[in-house]
2 protein chains.
Amino acid sequence: MTRQAPTLEDVAREAGVSRATVSRVVNGIRNVAPDIQDAVREAIERTGYAPNRAARALVTRRAETIALVVSGAGGESEQEQSAFASRMLTDPFFGRVVGGVITFLRPRSMYPVLMFAETAEARRQVVSYLRQGSADGALVFSTHAADPLPTLLADADLPCALFARPPAGTAVSHVDVDHREGGRLAADRLAARGCRRVATVTGPLDLPAARDRLDGFQTAMARHGQPVVPVREGDFTAAGGAAAMHWLLAEHPDTDGVFAANDLMAIGVMEAAGETGRRVPDDVAVIGFDDSGVAAAGRPPLTTVRQPMEEMAATMARLLQEQIEGTRTTPASVVFDAELVVRASA
Amino acid sequence: MTRQAPTLEDVAREAGVSRATVSRVVNGIRNVAPDIQDAVREAIERTGYAPNRAARALVTRRAETIALVVSGAGGESEQEQSAFASRMLTDPFFGRVVGGVITFLRPRSMYPVLMFAETAEARRQVVSYLRQGSADGALVFSTHAADPLPTLLADADLPCALFARPPAGTAVSHVDVDHREGGRLAADRLAARGCRRVATVTGPLDLPAARDRLDGFQTAMARHGQPVVPVREGDFTAAGGAAAMHWLLAEHPDTDGVFAANDLMAIGVMEAAGETGRRVPDDVAVIGFDDSGVAAAGRPPLTTVRQPMEEMAATMARLLQEQIEGTRTTPASVVFDAELVVRASA
DNA sequence: GTGAAAGCGCTAACAT
DNA sequence: ATGTTAGCGCTTTCAC
């Protein structure tokens, strides 16, 4: 049998001081004489003491834990839910975001609790989890518009921060990139390359982000002398991008430039171009969005509009943290600049 | 200001019973009269009571939380650590595994805490996290052999379960697939197709899994009349697979079949084949390993050796759970069968 | 079947 | 600068 883990009490006895003093040393509070500090530290070492998190959380009313929840529409079945989780995780976009979150949390010895909320029931569980004090707040990634979760959390007065603009009427802290500006950057680049018959593959148009990218792109193309841009809606997957491109090429065989609303679709677009005998960028230039892991690995390497996702994710975590600590009482909105990363595809 | 969350006490007062009775109802313990149960449930509803997890954990000595730790070698810098996290998450293999874990945990209202342990310091933190009782056990995914974490955890008597065989000398529960058998399946398929000059791209050979796949493949190929198989070591990435294939084709231009030790590398192999003017599967047949998300989406769709990863992950979670509950005292080892999934590439 | 009471291990006033 | 003390909200004997 494993013997009982040592408690503050044990350490105090060992060091010949009171529990309070040990607690002060453990929590790095000054007002403890250096020699006593040493004695305590030694006692901690000898006993192999590790503070009990539940006990601490009970009195501080802090779990020192945050939830990272991926919210979106998905199937109801268990299998579909697992597939949703797997698909989201595998998305290179998500990988960078989690990396950013981790970078912020790690120095604080915090680790995110991973939650998926694609059904009403799952959303309830997320709210319940937070209400139990299991986590102090939530970082929410919505994969579709009109996601009810942010509102649910806000109504329950639970700290949260969003990646992407919140639904109208819900005031919560969030970070976002200037999608419109990103679309403009793509248009400017294609125009500068001399593309005259440009098309675009958008994301799901119920997503404001997808709409804004399209809008910025169209507006800029109009300024460049192409007021009408063929548009095909995609689903942010490579296969969806390829299908959209095949459709576009069938309708407009002379297309010489394409803006895809994310890198995965841009990869699909390039594949479709190759399959129809077109060279990238000579016959058709391709620009993606995100600058996710797949962009640089593309064939050819993808010119894309970069979102500073790690930075955005870290900022989102900071906003949440401020809310939890009570440093911030009004929701903040931080919008980051998009940036064109020129590689070989356009 | 948010008003205090209701406690058991509040519910008890509201229902006109004692705290103990409310606790019994909340925890579904029988021996409570039906009418009292109803009264309590109503009081819970009215007060909006949610049990405090820290308080419960303090007395039950259970966090009802498990850690999902990705352990491996990586750089020391913060940026490299973030990149490690991002790379692992993005790996389609990992996506399926996490999906399997989630499927097991969700019905139990549990959510995994995501941890990365690629440095000695990070490993210490994982151990410390568990020792504090923040999580009841760990699911460990080692990305390289000789990972010290399993031993560290075992020595500290902390419940854990591994995906893949543990280091020699460390007895911990784990799940694995029969890699040797998987290699054999690939060899049999290539031989059955009539491939006579077969080569292979392995994973990092310090990984027992990679060694075993190679070993099973070579042994079977010898039986099929090709005792010497050109071998090139890869790194489980698509780019690495492509590079390895280019090398193989330069040395052995007449290669007519390739077994890649994972799907990502197989994708790279197919790309390299295409770039050198070879058609898959007509000029060169390609078989991958894993049947991860990218396999079916490959061009052409990839024939591959399937690991039942969701099932393996769920089993691993169950083994951990049994350890935590004390139902299991001796480590278990569950090995799953590999299965050939035939698509178009071979 | 229900209640009273004793902690779980810790922090934070408050004394000293 | 250190110790004393009173809980945090819950589960769990043990009486009744």
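This structure is a prediction, so every number in the text was calculated from the model and none was measured. Below, chains carry the letters A, B, ... as their sequence lines are ordered, and counting in each starts from 1.
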Minimum-distance nucleotide to B:Val32 side chain [options: D:dT4, C:dT2, C:dT11]: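 Closest of the options to the side chain of B:Val32: C:dT2.
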Residue A:Val59, side-chain heavy atoms: nucleotide from D:dC10, C:dG3, D:dC8 that is nearest: D:dC8
Send over the distance from [X] [atom1] to [N] [atom2], rounded to a whole Å.
X       : N      : atom1 : atom2 : value
A:Leu58 : C:dC8  : CG    : C1'   : 9 Å
B:Arg19 : C:dA4  : CZ    : P     : 10 Å
A:Arg62 : D:dC8  : CZ    : C1'   : 15 Å
A:Ile29 : C:dA13 : CD1   : C1'   : 12 Å
A:Gln4  : C:dC8  : CD    : P     : 9 Å
A:Leu8  : D:dG3  : CG    : P     : 13 Å
A:Asp10 : C:dC8  : CG    : P     : 11 Å
A:Arg13 : D:dT2  : CZ    : P     : 20 Å

Does B:Thr151 reach the side chain of B:Pro167, with side-chain heavy atoms less than 4.5 Å apart? yes
Taking the side chain as every heavy atom from C-beta outward, state whether B:Phe104 and B:Met316 have any pair of such atoms under 4.5 Å apart. no
Return no unless some side-chain N or O of [X] is found under 4.0 Å from OP1 or OP2 of [N].
X       : N      : result
A:Thr21 : D:dT2  : no
A:Asn27 : C:dT11 : yes
A:Arg61 : D:dG9  : yes
A:Ser18 : D:dT2  : no
A:Asn31 : D:dT2  : no
B:Thr60 : D:dT11 : no

Between the main-chain N or O of B:Met110 and the side-chain N or O of B:Glu64, is there a donor-acceptor pair closer than 3.5 Å?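 No.
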Can you confirm whether the side chains of A:Arg87 and A:Thr143 place a donor and an acceptor under 3.5 Å from each other?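 Side chains of A:Arg87 and A:Thr143: no pair found under 3.5 Å.
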Please tell me whether A:Asp10 and A:Thr47 have a donor and an acceptor in their side chains that are separated by less than 3.5 angstrom. no
Check every strand shown and say whether A:Ala33 touches a base, only sugar-phosphate, or nothing at a heavy-atom separation below 4.0 Å. sugar-phosphate
Between the base of D:dG3 and the side chain of A:Arg24, is there a donor and acceptor pair under 3.5 angstrom? yes
Between B:Gly16 and A:Thr7, which is nearer to the 5' end of DNA chain C once each is assigned its nearest nucleotide?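 Checking each residue's closest nucleotide, the 5'-ward one belongs to B:Gly16.
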